[in-house]
Amino acid sequence: MPHTPEDKKKALTRLRRIRGQCDALERALEAGSDCAPVLQQLAAIRGAVNGLMSEVMGMYVQEEFGSGQDLDAGKKQSIDTILSLVRTYLK
C-alpha cells in the first residue's frame, strides 16, 4: 500500500477516476448504447486498473527493496528492469 501522503493521494485519484469510468459504463449499459463505445470504455477501464496496479506494485517494490541510495548499482538496475517488465506486461 502507498504509505506517503503523496503516493496515497496519487493512488486514490486514480481509483476515483476508475470509479467514474465504471459509473459511465453503467450508464451506457442502462441506456442501451452500441457495443463499440461500451467495448472502448471497458478497454479504458482495464487500462486504468492496470495502471493503478503498476503504480502500487512499483511503490511496493521500492518500499520492500529500498530506495536508490540504499542499493548498489546492480540491484537498482535489476529493480528498474523488473518494474519496466511489469509495466510493459500490464499495458
Side-chain angles (χ1 to χ4, degrees):
M1 271 313 295
H3 293 288
T4 67
E6 179 180 290
D7 288 342
K8 190 174 188 177
K9 183 178 179 181
K10 282 173 42 177
L12 287 171
T13 298
R14 278 183 176 260
L15 181 61
R16 289 180 182 123
R17 190 175 307 126
I18 293 166
R19 183 181 300 139
Q21 290 174 314
C22 289
D23 290 345
L25 176 61
E26 182 179 0
R27 287 190 301 274
L29 290 172
E30 287 175 348
S33 296
D34 292 335
C35 286
V38 168
L39 290 170
Q40 186 174 18
Q41 186 66 27
L42 284 166
I45 291 168
R46 182 183 60 191
V49 169
N50 285 345
L52 176 60
M53 182 183 293
S54 174
E55 191 170 303
V56 172
M57 188 175 292
M59 290 176 211
Y60 171 72
V61 169
Q62 294 297 334
E63 179 183 301
E64 192 67 24
F65 297 106
S67 66
Q69 302 163 353
D70 302 338
L71 302 173
D72 64 49
K75 287 188 181 190
K76 182 169 177 12
Q77 179 63 38
S78 294
I79 289 171
D80 290 344
T81 300
I82 290 167
L83 291 175
S84 176
L85 289 169
V86 167
R87 287 184 183 114
T88 300
Y89 175 77
L90 290 173
K91 281 188 178 184

>> Nearest 0.5 angstrom please: Ile82 CD1 to Met57 CE, how far?
In response: 11.0 Å
Just distance, no hydrogens or angles: give the donor-acceptor pairs under 3.5 Å from side chains in residues 5-14, sequence neighbours left out.
| residue | atom | partner | partner atom | Å |
| --- | --- | --- | --- | --- |
| Asp7 | OD2 | Thr4 | OG1 | 3.1 |
| Thr13 | OG1 | Lys9 | O | 2.8 |
| Arg14 | NE | Glu55 | OE1 | 2.6 |
| Arg14 | NH2 | Glu55 | OE1 | 3.4 |

>> On a heavy-atom basis, which atom in Val38 and which in Ala28 lie closest, and how many Å separate them?
In response: CG2-CB, 4.4 Å
> Can you list the residues that meet the side-chain hydrogen bond (donor to acceptor under 3.5 Å, both in side chains) rule with Arg87, with sequence neighbours excluded?
Replying inline: Ser54
>> Once rounded to the nearest 0.5 Å, what's the spacing between atom CD of Gln62 and atom CG of Leu83?
In response: 6.0 Å
> Between SG of Cys22 and CZ of Arg27, what distance do you get to the nearest 0.5 Å?
Replying inline: 11.0 Å
>> Less than 4.0 angstrom from a charged side-chain N to a carboxylate O is my criterion; do Lys76 and Asp80 meet it?
In response: yes
> Mind checking whether Leu85 and Tyr60 sit in one hydrophobic cluster, side chains of I, L, V, M, F, W, Y counted as touching below 4.5 Å?
Replying inline: no
> Does Asp72 reach the main-chain N or O of Gly74 with its side chain, forming a donor-acceptor pair under 3.5 Å?
Replying inline: yes
> Can you tell me how far the OH atom of Tyr89 sits from the CE atom of Met53, to the nearest 0.5 Å?
Replying inline: 9.5 Å
>> Assess the residue pair Met59 and Glu63 against the criterion (side-chain contact (heavy atoms from CB on, under 4.5 Å)); give the C-alpha distance rounded to whole Å, side-chain angles, the decisive distance to 0.1 Å, and a yes or no.
In response: CA-CA 6 Å; Met59 290 176 211; Glu63 179 183 301; over 6 Å; no
>> Using modelled atom types and a 3.5 Å cut-off, is there a donor and acceptor pairing between side-chain atoms of Gln41 and backbone atoms of Gln21?
In response: yes
> Looking at Leu25 and Leu42, what are the two nearest heavy atoms and their distance?
Replying inline: CD2-CD2, 3.4 Å
>> Would the distance check show the side chain of Ser33 and the main-chain N or O of Leu29 forming a donor-acceptor pair, the cut-off being under 3.5 Å?
In response: no
> Which pair of non-hydrogen atoms, one from Asn50 and one from Leu90, has the smallest distance, and what is that distance?
Replying inline: ND2-O, 2.9 Å
